[in-house]
Enquirer: 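What follows is a single structure, and I will ask about it in a moment.
Sequence lines set the chain letters: A, B, ... in the order given, protein chains first and strands last, and positions in each chain run from 1.
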Amino acid sequence: MGLTSAANGGGDDGFRLCIFDLRRGLSEGQELDKILFFYPADLPFSTQLSVIGLSEGLITFTRIFSPDAACEEIEAECHSHVFYEAEPDIWMVMVVEKSKEKEAIWRLDALRKVLKEVHSLFVMFHGSLRSLLMKDPSGGSLRSQLFLFITDYLSAFQKRSPLDYCCWDFLVSKKLHLPSFRDSLKERGTIQMLTIGREAALEVQSLVRLVESCTGSTSCHSLLMFQDLLVSTTFSPDDTVGLFVYAVQRLIPRVLSTGLSSWSYLRKGSASSASFLGSAAGGGGPLTEQFYGSYDSFPEESRTSQIRPLQHEKWSKGKDGFLVNDSWRPENDNSVPSSPTIFLQKSDERMYFSIYQYKNLTLIFTVPISSIPNGEQGLSNVKQLILENASLKFSKVEEKLTKGWGGENAYHVSGYRYLLVDGDRNNSRASPPTKVATLSKESLLALNKLRKEVDLEKSRVRWEAARYDKDLEISIRAKNNAWVIARTTRGKELYMVLENANETVLYASDAVEKFSNRYCNGVFSLD
Amino acid sequence: MSSEERDVGEPESCPDCVRVGLDSLALNGREGEKEGDDLGNGSVEDGVGGTVEGLGVNGVVAGVGGGEIEEVWDRNLVDGRREREENRGGEIEEVGDGRLGDWYKARAGGWGEIEEVGDEKLGDEHRANSEGDVEGDSSASSSGYAAEREKGSSHSGRSSASEEIDDGEAAMAAWVPGKRHLDEDEASISWRKRKKHFFILSNSGKPIYSRYGDEHKLAGFSATLQAIISFVENGGDRVKSVRAGKHQVVFLVKGPIYLVCISCTEEPYESLRVQLELIYSQMILILTKSVNRCFEKNPKFDMTPLLGGTDVVFSSLIHSFSWNPATFLHAYTCLPLAYATRQAAGAVLQDIADSGVLFAILMCKHKVVSLVGAQKASLHPDDMLLLSNFVMSSESFRTSESFSPICLPRYNPMAFLYAYVHYLDVETYLMLLTTSSDAFYHLKDCRLRVEMVLLRSNVLSEIQRSLLDGGMHVEDLPIDPVPRSMSLLSQLSYQRIATPTESQESLREAFTGTGGPAGLWHFIYRSIYLDQYVASEFSPPINTPRQQKRLYRAYQKIYASMHDKGVGPHKTQFRRDENYVLLCWVTQDFELYAAFDPLADKALAIKTCNRICQWVKDVENEIFLLGASPFSW
């Protein structure tokens with residue numbers, strides 16, 4: 001099977017992802033204890049340790065000069081290493097190979113966002129790594145959870161959805177496809193909003209209130225999506241991003257009905273997933289067993305007891321419209337509820353995690369376990385109550401939103417290829433992927449390079465003692481005569497590519513000005 | 001005593017290198033005068049004192065001073081060095097190697113596969129140090145860091161360049177050549193806080209040069225750098241850079257020589273890498289690439305004695321990384337002169353070039369007055385930069401004529417040329433390059449001829465005048481199309497005549513903060529064909545060294561952005577931030593970089609750029625060296 005070869009080194013693309021804890025394995029001979037996760041798992045331990053050794057060495061080294069911000073990236077001739085300190089002393093490092101294959105041109109900040117995303121999703125479902133290590137100091141259960149979780153996560157990168165890049169990549173590749181320069185007009189870790197009218201907004205608001213009142217809990221939060229766009233949320237900004245990202249990957253109707261998600265994998269049936277996992281776990285033979293020996297029961301036990309929220313095809317729509325997932329199936333151990341649960345940030349309490357779907361609408365709501373009497377039974381009652389009281393409202397809202405929706409190309413602005421990011425609100429809007437795909441490779445590469453420059457400026461601002469918002473305007477006429485433009489102001493960023501445009505700088509800035517006035521309330525306009 | 005005799009007399013196994021070593025040591029004799037303590041050899045100072053007049057420089061000038069005295073001088077210096085070497089050398093070796101292993105081990109844990117020695121000493125040390133750093137923040141008064149911090153906190157984060165004043169970098173006028181902060185090492189907080197470090201080390205981890213601190217005390221640190229480089233190399237890769245917060249570490253491997261820069265100056269990777277390349281080339285200029293052979297013979301070869309006393313050369317080069325556009329433009333600049341004046345200088349240089357001189361270069365500070373190359377020989381702008389830096393930074397060249405082996409890395413990195421250098425006045429110097437090691441007398445004759453002609457034709461006084469007048473001022477940018485006959489120099493003299501000095505000054509003051517038309521503050525124009533650039537004089541509001549350095553860095557950044565290896569060169573770039581509007585325009589013929597007030601009107605700025613290009617074309621006879629360029633072959 002193709003996936004197997006990717007993991008087994010036959011098609012080794014040089015990709016590595018590891019998580020290690022600097023507080024572990026401090027004494028000689030115990031170094032392996034540092035490793036919490038390593039992909040591919042079948043690499044010899046000496047190789048794994050050398051990746052981690054280099055990372056650790058550079059973290060220590062860079063702290064000599066930069067005690068507040070240790071190593072963030074290593075650029076070498078053939079590889080880039082991206083660092084992310086997910087939790088104090090717990091580091092995630094991704095190594096990507098700059099292969100001769102020309103698509104392998106990355107923007108490291110985009111790769112770092114992948115690390116952030118996988119970590120925040122993990123924490124959402126399992127809690128922080130440090131807290132799990134405290135519960136089980138051997139690290140065994142954390143390792144097995146990370147292993148399943150990240151392997152499920154990575155399997156999503158194995159193929160791209162033709163829906164995303166229909167114009168340039170129908171090829172099914174054995175390699176992992178990470179965000180590359182082709183994704184320069186996307187911003188991972190942001191939400192995309194649906195623009196709605198006042199009337200619809202009122203309807204949505206009353207629906208949300210109705211649902212939250214049905215739970216009878218004051219700490220109920222909800223998030224409503226239309227297709228893959230956010231309509232409303234009462235979660236904190238960070239939780240909203242996490243839930244939104246997860247919903248787009250695993251919950252929205254398009255993913256459920258066809259097995260496709262917006263940014264990944266054409267996967268039919270769970271066989272391939274299992275084999276991917278199998279190859280990742282089993283390929284290493286005795287070595288792997290030796291390492292994972294601390295939880296030797298791993299393959300069997302964990303597959304039944306571990307929650308695998310990222311596993312494909314696990315969510316399905318029940319007859320009542322609520323989504324179900326048997327990942328959280330009951331065990332002998334009654335302390336863990338069988339209904340899906342998550343952790344919200346800034347709260348240690350487990351929340352019931354319920355999803356209701358009506359046509360294009362997806363509603364996510366969470367209720368603290370403690371606030372529902374009678375556990376599972378209580379939750380069923382809540383769901384029943386919602387069905388009884390809110391069904392009509394759901395269909396009304398759905399109808400209204402469908403009517404008002406402009407379709408796939410709703411946010412296309414002709415002549416422009418753009419990405420608009422609001423860093424304060426964690427949201428972004430961009431030209432539809434099909435339109436971005438019409439850009440030439442040169443333009444995208446130039447934009448990717450420009451974004452790297454802006455990333456650097458942003459990170460400098462971050463480390464400045466006095467915080468101020470970087471006001472920056474860069475317009476570049478590239479070799480191929482396209483204009484690539486970046487504007488940042490007051491926490492907002494605008495990136496643009498204008499092909500077939502006039503050569504004067506004035507033309508380019510007029511174009512930005514018009515766009516800004518029309519679509520950004522003049523945020524990027526001068527004066 | 002002729003130079004050949006000296007060659008014969010040299011004891012070491014690597015004659016090429018050692019010869020230069022001695023020569024550069026001799027050069028340093030002058031340093032020794034200033035820093036006798038550093039050399040730890042009082043007799044050296046005496047020796048130097050007695051020989052200054054007679055020896056000229058490097059002891060190569062025969063017949064004037066006695067050979068004996070010269071020998072004493074050299075020996076003293078060498079002994080001084082040796083002593084120092086012996087005192088510390090063995091120890092360093094041990095420390096270096098021991099720690100290297102430790103580092104491997106401490107960092108790798110399981111790197112044991114590669115290296116199975118040592119304990120966690122260095123790792124612990126590093127760890128302890130970084131903790132110490134944090135503590136130090138509150139009680140660092142003894143390290144001098146507290147003062148820096150105070151300075152830093154009184155400004156907003158934006159003006160963090162103020163920390164650098166400590167390095168003397170920001171204040172150009174106050175810049176002192178040579179190495180400072182010798183007392184620092186990796187454990188000093190002040191050392192860690194330096195904004196920009198440069199290191200040269202050998203592939204066995206031996207320190208060769210460090211911008212700050214005593215190389216010998218940095219042996220452990222050098223070993224760490226070496227370990228990083230070789231660890232990545234063992235993995236079949238080559239490390240280029242590491243980024244951490246505001247810091248960037250850039251690596252460059254040149255055979256057995258490793259160069260590393262650690263900087264938090266916001267300069268792009270490409271710029272820092274070019275700077276490392278230049279430092280390496282500067283070293284080659286002093287030693288030639290044949291120094292590699294020493295490492296082939298003995299991997300633990302200690303190079304520091306060969307470079308002994310050349311600290312000033314490196315520190316002055318590093319200083320130029322923050323003010324001299326030649327370091328990133330790879331072009332040279334000319335002193336503005338009337339066409340006829342430059343022609344006159346060129347003619348006499350051409351005369352002597354025909355008599356077996358490879359290159360004849362007449363320069364005033366870092367600006368070229370004229371230069372001539374023998375047929376087919378071309379001189380790279382980088383070589384000119386490094387050569388003039390070498391000459392200008394070494395005090396000894398100023399005091400008398402000198403004949404010194406140098407290597408032009410872009411011309412032939414393996415071989416020495418011989419440079420005859422003579423200062424015609426305080427700022428103006430003539431460099432005659434030849435392949436022949438016994439051409440001293442011939443070149444001396446050539447110089448006398450040149451000097452006579454230059455004096456007689458008033459070229460030297462014209463040079464002085466040009467120095468005073470400066471070049472292009474943005475305030476003088478013609479607003480309306482000027483009659484084409486109007487030259488830069490006649491413009492200048494016109495102003496001088498028309499407005500008495502006082503009122504001119506008050507006029508200039510009225511301009512304070514406004515610069516030229518349309519908010520133009522400064523520009524650099526680079527001619528691609530000529531390999532030359534012209535930069536306008538700094539005018540208000542870019543009138544403090546700190547502002548100039550900031551602008552310089554902004555140019556550097558936009559240059560790197562325009563010339564990206566993968567997607568560049570771009571054609572046009574408009575960039576506005578809180579400090580400037582920068583406009584850059586790259587064509588096949590020229591590149592223009594112009595800085596405006598951040599609030600400048602875009603349309604007007606573009607018009608102004610067109611006018612600058614026209615202006616430059618109008619006065620190109622005076623600001624560029626035309627026709628005689630050996631580069632177009």
Side-chain angles (χ1 to χ4, degrees), chain A residues 25 28 30-32 34 45-46 48-50 52-54 56-58 60-79 105 442 445-446 449-450 453 456 459-460 463-468 470-479 481 503-506 508-509, chain B residues 103 106-111 113-114 119-120 123 126-127 129-130 133-134 152-153 156-158 160 186 192 224 227-228 231-232 235-247 249 262 264 266 268-269 561-562 564 566-578 583 602-603 606:
Chain A
E28 217 171 314
Q30 301 297 308
E31 291 84 1
L32 276 182
K34 286 182 204 301
F45 284 123
S46 58
Q48 296 188 17
L49 282 171
S50 94
I52 286 164
L54 178 67
E56 204 187 341
L58 278 163
T60 313
F61 175 74
T62 49
R63 276 187 175 147
I64 297 176
F65 298 94
S66 175
D68 303 329
C71 190
E72 289 169 60
E73 51 202 50
I74 308 175
E75 277 288 2
E77 214 107 288
C78 313
H79 297 88
I105 296 170
E442 289 73 33
L445 281 172
K449 187 74 214 313
L450 176 59
E453 271 185 57
L456 271 179
S459 85
R460 276 170 198 143
W463 300 116
E464 293 289 345
R467 284 188 69 100
Y468 66 98
K470 186 90 184 169
D471 203 337
L472 188 66
E473 172 181 4
I474 304 176
S475 308
I476 294 175
R477 185 154 169 94
K479 217 160 46 175
N481 289 333
E503 68 173 340
T504 74
V505 175
L506 290 177
S509 53
Chain B
W103 193 83
R107 294 302 98 233
W111 301 5
E113 216 188 29
I114 295 151
D119 52 33
E120 294 209 4
H126 279 177
R127 214 167 280 153
N129 282 341
S130 34
D133 219 350
V134 179
S153 59
S156 73
R158 248 159 92 173
S160 56
E186 61 177 297
R192 295 167 175 214
T224 307
I228 292 171
F231 188 83
V232 177
D237 207 344
R238 187 169 268 208
V239 62
K240 288 162 67 182
S241 71
V242 172
R243 223 166 50 72
K246 286 168 76 179
H247 281 78
V249 189
I262 302 177
C264 59
E266 305 195 0
Y269 163 78
S561 163
M562 289 297 282
D564 179 71
V567 295
H570 299 315
K571 293 183 170 170
T572 324
Q573 178 161 172
F574 175 92
R575 179 182 289 238
R576 185 178 54 74
D577 62 14
E578 68 277 14
L583 261 164
K602 232 177 247 180
I606 293 163

Enquirer: Side chains of B:Gln573 and A:Ile474: closer than 4.5 Å at any heavy-atom pair?
Expert: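 The answer is yes; the side chains approach within 4.5 Å.
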Enquirer: Look up atom CZ in B:Arg192 and atom OG in A:Ser66, then write down how far apart they are to the nearest 0.5 Å.
Expert: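 One finds 11.5 Å between CZ of B:Arg192 and OG of A:Ser66.
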Enquirer: When rounded to the nearest 0.5 angstrom, what is the spacing between CD1 in B:Ile228 and CG in A:Leu58?
Expert: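 Taking CD1 in B:Ile228 and CG in A:Leu58, the distance rounds to 4.5 Å.
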Enquirer: Can you tell me how far the CD atom of B:Glu186 sits from the CZ atom of A:Phe65, to the nearest 0.5 Å?
Expert: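 Taking CD in B:Glu186 and CZ in A:Phe65, the distance rounds to 8.0 Å.
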Enquirer: Please assess A:Asp471 against B:Glu578 for the test side chain to side chain contact (heavy atoms under 4.5 Å, CB included), listing each intermediate value before the final yes or no.
Expert: CA-CA 7 Å; A:Asp471 203 337; B:Glu578 68 277 14; 5.7 Å; no
Enquirer: Contact between A:Thr62 and B:His247 at the side-chain level, heavy atoms closer than 4.5 Å - yes or no?
Expert: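 The answer is no, as the side chains (C-beta and beyond) never meet within the 4.5 Å cut-off.
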Enquirer: Pick one of side chain, backbone, both or neither for A:Leu456, based on which atoms fall under 4.5 Å of a heavy atom in chain B.
Expert: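 Contact with chain B: side chain only.
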Enquirer: Does the side chain of A:Glu453 pick up a donor-acceptor pair with the side chain of B:Ser561 at under 3.5 Å?
Expert: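 Yes - a donor-acceptor pair under 3.5 Å links their side chains.
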Enquirer: Could you look at A:Lys449 and say if it's the side chain, the backbone, both or neither that has a heavy atom under 4.5 Å from chain B?
Expert: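 When you check distances to chain B, only side chain atoms of A:Lys449 fall under 4.5 Å.
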Enquirer: Verify, without hydrogens or angle tests, whether B:Asp237 (side chain) and A:Glu77 (backbone) share a donor-acceptor contact under 3.5 angstrom.
Expert: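 Such a contact is found between B:Asp237 side chain and A:Glu77 backbone.
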Enquirer: For A:Ala70, is it the side chain, the backbone, both or neither that has a heavy atom under 4.5 Å from a heavy atom of chain B?
Expert: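 Contact with chain B involves the backbone of A:Ala70 alone.
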Enquirer: Take B:Val242 and A:Glu73 through the side chain to side chain contact (heavy atoms under 4.5 Å, CB included) test and state the conclusion after the steps.
Expert: CA-CA 6 Å; B:Val242 172; A:Glu73 51 202 50; over 6 Å; no
Enquirer: Side chains of A:Arg477 and B:His570: closer than 4.5 Å at any heavy-atom pair?
Expert: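 Result no, sub-4.5 Å side-chain heavy-atom pair not found.
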Enquirer: Apply the test side chain to side chain contact (heavy atoms under 4.5 Å, CB included) to residues B:Val249 and A:Phe61: give CA-CA distance (whole Å), side-chain angles for both, the deciding distance (0.1 Å), then the verdict.
Expert: CA-CA 10 Å; B:Val249 189; A:Phe61 175 74; 4.2 Å; yes
Enquirer: Considering only heavy atoms, which portion of B:Val239 lies under 4.5 Å from any heavy atom of chain A: side chain, backbone, both, or neither?
Expert: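 Both backbone and side chain of B:Val239 come within 4.5 Å of chain A.
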Enquirer: Quick check: do B:Ile606 and A:Thr504 have side-chain heavy atoms less than 4.5 Å from each other?
Expert: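 When only atoms from C-beta onward are counted, A:Thr504 and B:Ile606 do not touch, as no gap falls below 4.5 Å.
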Enquirer: For the interface with chain A, which of B:Ile262, B:Leu583, B:Val232 has the highest count of heavy-atom pairs at distances below 4.5 Å?
Expert: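 Top option by heavy-atom pairs under 4.5 Å: B:Ile262.
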Enquirer: Could A:Glu72 and B:Arg243 be called an ion pair, given the rule that one side-chain N must be under 4.0 Å from one carboxylate O?
Expert: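 Salt bridge flag = yes for B:Arg243 with A:Glu72.
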Enquirer: When you look at A:Asn481 and B:Lys571, which way does the side chain to side chain contact (heavy atoms under 4.5 Å, CB included) test go after all the steps?
Expert: CA-CA 8 Å; A:Asn481 289 333; B:Lys571 293 183 170 170; 2.5 Å; yes
Enquirer: Nearest heavy-atom pair of B:Gly245 and A:Ala69: which atoms, and what distance?
Expert: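 Smallest interatomic distance, heavy atoms only, reads CA-CB, 3.5 Å.
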